[in-house]
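For reference, the structure is listed below as structure tokens.
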2 protein chains.
Amino acid sequence: MLRGMTPAKQPGRPRAGIDAAVFAATLSTVHELGYAGATMDRIAAAAGVAKTTLYRRWPSKGALITDCLLDALGPAPLEGVGREEVMATAIRWVAAEIGKPGVGAAFAGVFVDAVNDPALRAILSTRLQDPYRIALQDALGEPENRVLLFIDIVVGTLLHRLGMTGEPMVDADVTALVEMVRHHFG
Amino acid sequence: MLRGMTPAKQPGRPRAGIDAAVFAATLSTVHELGYAGATMDRIAAAAGVAKTTLYRRWPSKGALITDCLLDALGPAPLEGVGREEVMATAIRWVAAEIGKPGVGAAFAGVFVDAVNDPALRAILSTRLQDPYRIALQDALGEPENRVLLFIDIVVGTLLHRLGMTGEPMVDADVTALVEMVRHHFG
DNA sequence: CGGTATCGCTACCGGTGGTAGCGTAATTGG
DNA sequence: CCAATTACGCTACCACCGGTAGCGATACCG
């Protein structure tokens, strides 16, 4: 079994532990200057790292943002949640995350970059969406296509509101969204 | 009354009727090269027009795309539709429009530009969203905030699917969306 | 005609994602 | 201590993009 094995030591200088600093710098820069304003130069400067180092670790700006979102969101908080409450919990969690500074704008930005960049779309789908989709399938026992539709509805609705108004969705509307989804999928 | 008055002739050379050519060139360029690839230079070249002429008529790329979408969509086809069927008709119409070549990508692109550009957000909200929102309020008799939530759900869901998969939503999923919304708002 | 406003064109600006190459620092194995 | 190896910071660079300035030419009104 390979599980649990410590990887063999490689020769050469080891990579510095800069990921946490880079992710924090990315989110705060996106928060302050928006997705387009958060340039790779600025992110590198805010993280105290050379721009070339960023490109040694991530193949593109979109890939960096995707990893940053993955780190910021963490696993879906569905531990011990009863099946009846899984969808409501997921919706309120996503709404709260998208409301955090920088997260929503980063999400929307990497999203549109993906519309015409198949490589980025693959990264986004595989690294970011798939884990949550699988967790939801396990928790709900619903087939894949229904879970995918659920994700489209929840994330799409919340991002559309953010893009149109510049502000995250208020609680009353999130509750209405929860009720609608509950009646249809529940 | 001012209605029906022919505007007083202005001195100077009149504007050439290039809007139709520009809109057609914009959509086809976005379709071929994506939102980011559809540069103002390329759109101008495809329309047979100088780039500076575009900037004389539209203040930014986002504003041009917004007007282009407004022209491509036209008024919502809700004439003579019974109140029960207004939402279903609107959803299927939006789904079909977003599936047309270039329209979905243009929509998603101008959208993310708007997240951090308040001027563009105002244009998008006033010129594109408001007419359809008002038409829906009239047809449905629902309050503004509920119609706005409806628009977020429909447009957001369809755009999220497009961004994530690169393909418009298939009919079966559109039907599921219609059913869900019908039970909640109906 | 003269006045006026638009058009096409060229040239330009600051900035952006992304790359190449260099010297240097950090680690492993002998 | 000495090679080999890998990552780092830095500078320079590239093609390209949104947007602007200024020019002469053109089309209309009175």
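Remember, it's a predicted structure, so these values are computed and weren't measured experimentally. Numbered from 1 within each chain, the chains take letters A, B, ... in sequence-line order.
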Supply the atom-to-atom distance A/Phe185 CZ to A/Ile153 CD1, rounded to the nearest 0.5 angstrom. 4.5 Å

Consider the side chain of A/Met40, meaning its heavy atoms from C-beta on, and name the nucleotide among C/dT4, C/dG17, C/dG8 that approaches it most closely. C/dG17

Please state how far atom CG in A/Leu54 lies from atom C1' in D/dC10, giving the value in whole angstrom units. 14 Å

Counting distance alone, no hydrogens or angles: does the base of C/dG18 have a donor or acceptor under 3.5 Å from a partner atom on the side chain of A/Lys51? yes

Any N or O donor-acceptor pair under 3.5 Å from the base of D/dG9 to the side chain of A/Arg56? yes

NE2 (B/His160) and OG1 (A/Thr157) are apart, to the nearest 0.5 Å, by 9.5 Å

Which pairs would a plain distance check flag for residues 84-111 of chain B, meaning a side-chain donor or acceptor within less than 3.5 Å of a matching protein atom at least two apart in sequence or in another chain?
from    : atom 1 : to       : atom 2 : distance (Å)
B/Thr89 : OG1    : B/Glu85  : O      : 2.7
B/Glu97 : OE2    : B/Lys100 : NZ     : 3.0

One should read off an interatomic distance between A/Phe23 CZ and A/Asp19 CG, to the nearest 0.5 angstrom, of 5.0 Å

Interatomic distance, B/Asp117 CG vs D/dG18 P [rounded to whole Å]: 14 Å

Could you check how far CZ of A/Arg15 sits from P of D/dT5, rounded to whole Å? 18 Å

Under 4.0 Å: is that the gap between some side-chain N or O of A/Arg42 and OP1 or OP2 of C/dT16? yes

So does B/Arg13 reach the base of D/dT26 with its side chain, donor to acceptor, closer than 3.5 Å? yes

Per B/Thr39 side chain, nearest of listed nucleotides C/dC7, D/dC17, D/dT5: D/dC17

Between C1' of C/dG17 and CG of A/Leu64, the distance in whole Å: 12 Å

For B/Tyr55 and C/dC7, what is the distance between atoms OH and P respectively, to the nearest whole Å? 16 Å

Would you please confirm or rule out a distance under 4.0 Å between OP1 or OP2 of C/dC7 and any side-chain N or O of B/Arg57? yes

Just call it for A/Thr52: base, sugar-phosphate, or nothing, with non-hydrogen atoms closer than 4.0 Å on any strand. base

Gap between atoms NZ and P, on A/Lys61 and C/dT19 respectively (whole Å): 15 Å

Taking for each residue the nucleotide of DNA chain D bearing the nearest heavy atom, is the 5' side occupied by B/Pro14 or by B/Ala36? B/Ala36

d(CG, A/Asp41; C1', C/dT19) in whole Å: 13 Å

Rounded to the nearest angstrom, tell me the gap between atom CD1 in B/Ile18 and atom C1' in C/dG8. 11 Å

What's the spacing between B/Cys68 SG and B/Lys61 NZ if we round to 0.5 Å? 12.0 Å

